[in-house]
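Bear in mind the structure is a predicted one, so any value in this text is a computation, not a measurement.
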Amino acid sequence: QVQLQESEGGSVQSGGSLRLSCAASGYRELRACVGWFRRAPGKGREGVAAIDTDGNTHYADSVKGRFTISQDSAKDSMSNIFYLQMTSLKPDDTAMYYCATDSSCLWGALAEVSFGYWGQGTQVTVSL
């Protein structure tokens, strides 16, 4: 069974940086689609960044140039840690952030419906 565990988020001032991590275990795939999503108050969940099964990265326009997704895969491919490095943070980045994974990005790397496994969410707050 795939399980995802996110690191704690945090509160930072505008312009600051934060790195989130997600420890994934229970993989049975040599490669997987991994992604980060967020839900701001009063809004739906949106795709922020993802790595598809070919290793290509995808970013929402709102975070391009500021956020970086990366991953470290164990040789046995039964565990994986992936990261979201966030820089030049803005108050609009305030949201609950979720990591997610699945065997493929079938419906698009930033599409919520592509992912069947989710972390519990971690709060990121950016103040002026």
*Asks:* Can you tell me if T53 uses its side chain to pair, donor with acceptor, with the backbone of A32 under 3.5 Å?
*Replies:* no
*Asks:* Just by distance, do the side chain of T87 and the backbone of S17 share a donor-acceptor pair under 3.5 Å?
*Replies:* no
*Asks:* Taking the side chain as everything from C-beta on, heavy atoms only, tell me whether L18 gets closer than 4.5 Å to L89.
*Replies:* yes
*Asks:* Are there over 12 heavy-atom neighbours, none belonging to Q13, within less than 6.0 Å of that residue's CD?
*Replies:* no
*Asks:* Please report the closest heavy-atom contact between A109 and A50, naming both atoms and the distance.
*Replies:* O-CB, 3.2 Å
*Asks:* Between L84 and R19, is there a side-chain heavy-atom distance shorter than 4.5 Å?
*Replies:* no
*Asks:* Y98, F115: one ILVMFWY side-chain cluster at the under-4.5 Å cut-off?
*Replies:* yes
*Asks:* Under a 4.5 Å side-chain heavy-atom rule over Ile, Leu, Val, Met, Phe, Trp and Tyr, are L4 and M96 clustered together?
*Replies:* no
*Asks:* Decide, yes or no, whether a salt bridge links D93 with K90 under the criterion of side-chain N to carboxylate O below 4.0 Å.
*Replies:* no
*Asks:* Do L110 and Y59 belong to the same hydrophobic cluster, where Ile, Leu, Val, Met, Phe, Trp and Tyr are linked whenever their side-chain heavy atoms lie under 4.5 Å apart, directly or via other members?
*Replies:* no
*Asks:* Compare every heavy atom of A100 with every heavy atom of F82, then report the nearest pair and how far apart it is.
*Replies:* CZ-O, 3.7 Å
*Asks:* Could you tell me whether the side chain of R45 reaches within less than 4.5 Å of the side chain of R38, counting heavy atoms only?
*Replies:* no
*Asks:* Counting only N and O atoms by type, is there a donor-acceptor contact under 3.5 Å from the side chain of D102 to the main-chain atoms of G116?
*Replies:* yes
*Asks:* Between G47 and A60, what is the shortest heavy-atom contact and its length?
*Replies:* O-CB, 3.4 Å
*Asks:* Short question: side chain of T94, backbone of V126 - any donor-acceptor pair under 3.5 Å?
*Replies:* yes
*Asks:* Between D52 and D54, is there a donor-acceptor pair closer than 3.5 Å when you use the side chain of the first and the backbone of the second?
*Replies:* yes
*Asks:* Could you state whether W36 and V124 fall into the same hydrophobic cluster, counting links through intermediate Ile, Leu, Val, Met, Phe, Trp or Tyr residues with side-chain heavy atoms under 4.5 angstrom apart?
*Replies:* yes
*Asks:* Given side chains that start at C-beta, do those of P91 and S14 come closer than 4.5 Å, heavy atoms only?
*Replies:* yes
*Asks:* Is the shortest side-chain heavy-atom distance between Y83 and I69 below 4.5 Å?
*Replies:* no
*Asks:* Kindly compute the distance separating SG (C99) from CD (Q5), expressed to the nearest 0.5 Å.
*Replies:* 8.0 Å
*Asks:* Provide the closest heavy-atom pair for S114 versus C105 in the form atom of the first, atom of the second, distance.
*Replies:* OG-C, 3.8 Å
*Asks:* Among M86, E6, Q123, R39, whose side chain to side chain contact (heavy atoms under 4.5 Å, CB included) with Y97 holds?
*Replies:* M86
*Asks:* Look only at the side chain of S7 and the backbone of S21, and say whether a donor-acceptor pair between them is shorter than 3.5 Å.
*Replies:* yes
*Asks:* To the nearest 0.5 angstrom, please state how far the NE2 atom of H58 sits from the NZ atom of K64.
*Replies:* 10.5 Å
*Asks:* Decide yes or no on side-chain contact (heavy atoms from CB on, under 4.5 Å) for Q71 and I51, but give the supporting numbers first.
*Replies:* CA-CA 9 Å; Q71 65 178 352; I51 302 175; 4.0 Å; yes
*Asks:* To the closest 0.5 Å, what do you measure between CH2 (W107) and SG (C33)?
*Replies:* 13.5 Å
*Asks:* Can F37 be reached from L20 by stepping across I, L, V, M, F, W or Y side chains whose heavy atoms are under 4.5 Å apart?
*Replies:* no
*Asks:* As an exercise, state the distance from CD of E46 to OG of S62, rounded to the nearest 0.5 Å.
*Replies:* 5.0 Å
